[in-house]
Amino acid sequence: MQTVRLTRQKQTDAGTEGTLGADGFTCRTFELPWRGNIRAKSCIPPGSYMVRIVRSPRFGRVYGLFGTAPRANILIHSGNYAGDVDKGLKSHVQGCILLGKYFGTMDGQRAILLSRPTVRAFMDHMKGEAFNLVIEDHTC
């Protein structure tokens with residue numbers, strides 16, 4: 001089973017920026033800032049997670065993370081924002097991982113861009129196969 005690495009590199013109230021690397025594939029990631037693993041407010045803790053295809057009512061066929069208890073329904077999907085909503089920022093996630101090609105600004109807020117095509121490329125690259133996701137945090 002392939003191991004995919006997500007390395008978190010920078011964290012602000014607008015989100016946690018990182019890089020995802022699979023054998024022959026690299027992209028950028030965007031998650032919520034760390035807020036103590038609070039549901040819908042925080043990214044999940046660093047660690048190793050089993051990932052496989054799931055069916056989401058909202059996003060369709062996507063990768064879902066397992067072993068995230070007490071959190072659930074952590075997905076890898078498209079979107080642009082991962083800000084702290086308690087600080088008035090926009091967010092397209094409640095703990096999930098967004099993929100994109102690069103970072104920029106949308107409506108005055110830090111965002112990940114070209115997300116949909118990047119998620120499609122990742123799904124194609126992984127061919128629906130399950131994998132182990134190792135999340136490392138280097139934001140400190």
Open item on the list: Quick check: closest heavy atoms across W34 and I44, and the distance to 0.1 Å?
Closed with: CZ3-C, 3.8 Å
Task: With sequence neighbours excluded, residues passing side chain to side chain contact (heavy atoms under 4.5 Å, CB included) with M50 - done: M1, F66, A130
- [ ] Using the test side chain to side chain contact (heavy atoms under 4.5 Å, CB included), find all partners of Q94 that sit at least two apart in sequence or belong to another chain.
- [x] A40
- [ ] For Q109, check side-chain hydrogen bond (donor to acceptor under 3.5 Å, both in side chains) against everything at least two apart and list the hits.
- [x] none
Task: Heavy-atom side-chain proximity of P46 to R8 below 4.5 angstrom - done: yes
Task: Where A14 and R110 come nearest, the two heavy atoms and their spacing - done: CB-CB, 3.8 Å
Open item on the list: Quick check on the hydrophobic clustering: are F30 and I76 connected, directly or via other members, by side-chain heavy-atom contacts under 4.5 Å?
Closed with: no
Task: Side-chain cluster (under 4.5 Å, hydrophobic types only) that V85 belongs to, other residues - done: none
- [ ] Only counting residues at least two apart or in another chain, list the ones meeting side chain to side chain contact (heavy atoms under 4.5 Å, CB included) with D124.
- [x] none
Open item on the list: With a 4.5 Å cut-off on side-chain heavy-atom distances among I, L, V, M, F, W and Y, is there a chain of contacts connecting M123 to V51?
Closed with: yes
Open item on the list: Treating H125 as the side-chain partner and D23 as the backbone partner, does any N or O pair qualify as donor plus acceptor under 3.5 Å?
Closed with: yes
Task: T19 side-chain N/O to T7 backbone N/O, donor-acceptor pair under 3.5 Å - done: no
Task: salt bridge (charged side-chain N to carboxylate O under 4.0 Å, His left out) against E129, all qualifying residues, sequence neighbours excluded - done: none
Task: Spatial distance of atom CG (N73) from atom SG (C96) [nearest 0.5 Å] - done: 8.0 Å
Task: Test ring-ring contact (aromatic ring centres under 6.0 Å, His included) applied to F122 - qualifying residues, sequence neighbours left out - done: F25, Y63, F131
Task: Ion pair D13/R35, N-O distance below 4.0 Å - done: yes
Task: Donor-acceptor contact present, side-chain R5 to main-chain L20, <3.5 Å - done: no
Task: Separation of T68 OG1 from I135 CD1 (nearest 0.5 Å) - done: 9.5 Å
Open item on the list: Would you say that more than 12 heavy atoms from the other residues, nucleotides or ligands in this model lie under 6.0 Å from the CG of N37, or not?
Closed with: yes
- [ ] Answer yes or no: is there a side-chain heavy-atom contact under 4.5 Å between H77 and L98?
- [x] yes
- [ ] Consider only side-chain heavy atoms of I, L, V, M, F, W and Y, link residues closer than 4.5 Å, and tell whether L75 and V119 are in one cluster.
- [x] no
Open item on the list: Give me each pair satisfying salt bridge (Lys or Arg N to Asp or Glu O under 4.0 Å) with a member in residues 67-76, each pair once, sequence neighbours excluded.
Closed with: none
- [ ] Nearest 0.5 Å please: distance from the CE atom of M126 over to the CD1 atom of I53.
- [x] 9.0 Å
Task: Any residue meeting side-chain hydrogen bond (donor to acceptor under 3.5 Å, both in side chains) with K127, in chain and number order, not counting sequence neighbours - done: none
- [ ] Heavy atoms only: give me the nearest S78-S115 pair and the separation to one decimal.
- [x] CA-OG, 3.1 Å
Open item on the list: Distance check, rounded to the nearest 0.5 Å: E17 atom CD versus Q11 atom CD?
Closed with: 10.5 Å
Open item on the list: Could you measure the distance from the CG atom of L113 to the OG1 atom of T105? Nearest 0.5 Å is fine.
Closed with: 8.0 Å
Open item on the list: Are F103 and L99 connected into the same hydrophobic cluster when the rule is that any two of I, L, V, M, F, W, Y join if their side-chain heavy atoms are below 4.5 Å apart?
Closed with: no
Task: Where S91 and G83 come nearest, the two heavy atoms and their spacing - done: CB-O, 3.4 Å
Open item on the list: My understanding is that only residues two or more places apart in sequence, or in another chain, count here; which of them pass ring-ring contact (aromatic ring centres under 6.0 Å, His included) with Y81?
Closed with: H92
Task: Check: N80 side chain, I112 main-chain N or O, donor-acceptor pair, under 3.5 Å - done: yes
Open item on the list: List the residues meeting salt bridge (charged side-chain N to carboxylate O under 4.0 Å, His left out) with R120, not counting sequence neighbours, and say none if there are none.
Closed with: none
Open item on the list: Is there a path of hydrophobic side-chain contacts, each under 4.5 Å between heavy atoms, that joins L6 and V4?
Closed with: yes
Open item on the list: Give me each pair satisfying side chain to side chain donor-acceptor pair (under 3.5 Å) with a member in residues 39-61, each pair once, sequence neighbours excluded.
Closed with: K41-D86, S48-N132
Task: Considering all heavy atoms, the nearest C27-G100 contact - done: CB-O, 3.5 Å
